[in-house]
**Student:** 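What follows is a single structure, and I will ask about it in a moment.
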Number of protein chains: 2
Amino acid sequence: MTSYKNQKKLLAAVDCIIFGFYEQTLKVLLIQRGFKPEEGKWSLMGGFIQPTEGPDQAANRVLSSLTGLHGVYLEQLHTFGDPNRDPYERTLSTAYFALIDIQQYEKQITEAYHAEWFALNELPELIFDHEDMITMALEKLRYKAALHPILFELLPTKFTIPQLHGLYESLYNTSLDKRNFNRKVLSTNLLVKQNDKEKTSSKKGAYYYKLNKKSYKNNFQAFLTMIPVPVSFKTM
Amino acid sequence: MTSYKNQKKLLAAVDCIIFGFYEQTLKVLLIQRGFKPEEGKWSLMGGFIQPTEGPDQAANRVLSSLTGLHGVYLEQLHTFGDPNRDPYERTLSTAYFALIDIQQYEKQITEAYHAEWFALNELPELIFDHEDMITMALEKLRYKAALHPILFELLPTKFTIPQLHGLYESLYNTSLDKRNFNRKVLSTNLLVKQNDKEKTSSKKGAYYYKLNKKSYKNNFQAFLTMIPVPVSFKTM
DNA sequence: GCAAAAGTGTTCTCAATACACCCATGC
DNA sequence: GCATGGGTGTATTGAGAACACTTTTGC
């Protein structure tokens with residue numbers, strides 16, 4: 001160990017893996033870079049950490065500048081710092097992943113950034129190590145969502161159980177028994193049944209539910225075991 | 001988003017939370033700083049990320065320079081970057097936690113660094129945000145160890161089931177039924193019984209076991225549920 | 001009246017828990 | 001011979017998994 005003097009400084013950035021769910025599919029929001037280097041290529045939304053902010057703040061700033069959203073679910077994932085990860089200049093990047101309700105973000109902003117949603121099996125070519133970041137984010141999301149009731153963050157305030165069911169099936173690329181699934185989610189006491197129904201995706205219509213926010217906050221740590229346990233868990 | 005020009009660079013460091021287990025207690029290895037600022041105070045072992053290395057390499061370098069160990073369990077925990085976390089100069093620090101077999105590290109090295117083992121409830125005052133780092137590392141260790149067979153990394157090659165039992169009890173600060181515990185660990189098929197016994201801690205002696213390395217590698221992702229589930233899980 | 005999705009109950013199996021006694025040995 | 005820690009078996013309970021039919025309604 002040595003003193004602070006003579007230590008090389010480096011650029012520090014954040015990158016956001018922004019997940020959204022629509023058309024029964026989990027997607028990520030990518031932008032087409034409007035600046036060099038790699039202009040025109042696809043990448044995660046990112047930005048440099050400014051002198052007055054910490055990484056969390058930087059990630060929040062970046063996220064809300066792209067989506068217009070504040071207070072959404074945002075969690076630090078991992079710091080990537082291979083000396084050659086950015087061929088133009090040594091840059092450390094701390095990746096964050098965000099879960100947003102796709103119905104609430106401001107479309108005009110994302111359009112101004114040339115942002116688009118991509119299904120996870122249809123990703124375009126990405127700059128640097130951004131594909132690794134997405135892979136790791138997806139693994140962590142799978143891991144967490146199997147244990148904690150986190151996926152509600154991807155749904156609108158009012159949602160139906162079949163929607164939630166589809167979300168789990170999409171994330172784990174599996175099929176889950178409807179009856180067992182319903183019983184399990186309802187047994188958490190996290191859901192409050194509404195009186196109205198969502199009628200676009202079926203004739204019968206599915207009841208809307210809302211999150212019981214208080215119970216959600218208290219039970220977030222609670223285990224769920226929504227998913228039959230050994231579903232492709234990678235190391236966290 | 002902006003180009004690379006005019007972006008402020010900052011110092012980037014790593015800090016290692018090094019866990020060890022002896023005297024039936026989980027401990028962390030701390031050093032007494034031999035340089036300014038904060039000379040003489042206790043801190044985690046750390047170092048700056050060099051131009052030719054990534055954070056993982058830096059953490060490995062720092063860890064082995066203190067312990068003499070290579071190839072031990074080391075995992076990135078979190079990046080701390082509050083603008084004021086280091087009052088002397090803006091520094092980003094990526095924290096790593098390591099699990100070592102306390103019998104294998106080289107004592108002369110740690111002594112040269114004025115390093116000492118501290119039980120987690122007897123920590124001295126630490127510089128900067130190092131206490132937060134330890135708290136977070138402990139939470140993550142608890143979380144992971146409840147789900148994955150990770151604690152073997154803290155034990156010597158040959159260990160007894162009562163030792164393992166004590167380790168779990170120490171980490172979770174709880175008591176676990178001996179019979180159920182034995183049944184569970186043995187049912188994982190991770191352990192290979194040896195013919196000799198450890199005789200210092202009892203008259204009867206306890207059989208030594210070794211890890212089945214192959215099975216360990218294959219089953220590391222496997223869930224364990226060694227711990228009654230809702231044991232103080234904080235968000236990961 | 002039929003297609004399409006929503007909603008609901010029961011049985012079985014297995015794993016988690018609780019719990020108490022015998023064993024081996026050093027002193 | 002007794003104190004100390006090591007080692008083992010059983011009965012009960014609850015949760016997860018498998019599984020099929022009825023309901024509603026737009027067309």
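Just so you know, these numbers come straight off a predicted model, no measurement behind them. In what follows, every chain begins at residue 1, and chains take the letters A, B, ... in the order their sequences are listed.
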**Student:** Round to the nearest Å and state the distance from Tyr207(A) atom OH to dT24(D) atom C1'.
**Tutor:** 10 Å

**Student:** Locate the shortest heavy-atom distance separating Ser93(B) from Asp15(B); write the atom from each residue and the value.
**Tutor:** OG-OD2, 2.6 Å

**Student:** What does Thr160(A) touch in the nucleic acid at a heavy-atom separation under 4.0 angstrom: a base, only the sugar-phosphate, or nothing?
**Tutor:** nothing

**Student:** Quick check on ring pair (Phe, Tyr, Trp, His ring centres under 6.0 Å): which of Tyr207(B), Phe21(B), Tyr208(B), Phe152(B) does Phe159(B) satisfy it with?
**Tutor:** Phe152(B)

**Student:** Do Asn182(A) and dA6(C) share a donor-acceptor pair, side chain to base, under 3.5 Å?
**Tutor:** no

**Student:** Go through dA18(C), dG7(D), dA6(C) for me and flag the one nearest to the Ala206(B) side chain.
**Tutor:** dG7(D)

**Student:** Roughly how many Å is it from CG in Asn180(B) to P in dG14(D), rounded to a whole number?
**Tutor:**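 Result: 16 Å.
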
**Student:** Scan nucleotides 20-27 of chain C nucleotide by nucleotide, 5' to 3', and note B when protein non-hydrogen atoms come under 4.0 Å of the base, S if they reach only the sugar-phosphate, - if neither.
**Tutor:** B--BBBB-

**Student:** Can you give me the closest heavy-atom contact between Ile18(A) and Trp117(A), atom names plus distance?
**Tutor:**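 Taking every non-hydrogen atom into account, O-CZ3, 3.6 Å.
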
**Student:** Measure the distance from CZ on Phe181(B) to C1' on dG6(D) and round it to the nearest whole Å.
**Tutor:** 14 Å

**Student:** Let me know the distance between CD of Glu198(A) and C1' of dT24(D), rounded to the nearest Å.
**Tutor:** 15 Å

**Student:** Please name the pair of heavy atoms, one in Ser215(B) and one in Thr188(B), separated by the smallest distance, quoted to 0.1 Å.
**Tutor:** OG-O, 4.4 Å

**Student:** Distance-only check: which donor-acceptor pairs under 3.5 Å involve side-chain atoms of residues 22-31 of chain B, not counting sequence neighbours?
**Tutor:**
unit_1   : atom_1 : unit_2   : atom_2 : d
Glu23(B) : OE1    : Lys27(B) : NZ     : 3.1
Thr25(B) : OG1    : Glu23(B) : O      : 2.8

**Student:** Taking all non-hydrogen atoms of both residues into account, name the closest pair between Tyr113(A) and Ser65(A) and its distance.
**Tutor:** CE1-O, 3.4 Å

**Student:** What's the CZ-P distance between Arg183(A) and dA18(D), to the nearest Å?
**Tutor:**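 From Arg183(A) CZ to dA18(D) P: 12 Å.
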
**Student:** Set out, in order, the CA-CA distance, both residues' side-chain angles and the distance that settles salt bridge (Lys or Arg N to Asp or Glu O under 4.0 Å) for Asp196(A) and Lys158(A), then state yes or no.
**Tutor:** CA-CA 10 Å; Asp196(A) 47 342; Lys158(A) 281 166 61 176; 2.5 Å; yes

**Student:** What's the NZ-P distance between Lys193(A) and dG7(C), to the nearest Å?
**Tutor:**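 Between P of dG7(C) and NZ of Lys193(A): 7 Å.
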
**Student:** NE2 of His165(A) versus P of dA6(C): gap in Å, rounded?
**Tutor:**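 Taking NE2 of His165(A) and P of dA6(C), I get 10 Å after rounding.
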
**Student:** Could you state the atom-to-atom distance from CG of Asp177(A) to P of dG7(C) in whole Å?
**Tutor:** 15 Å

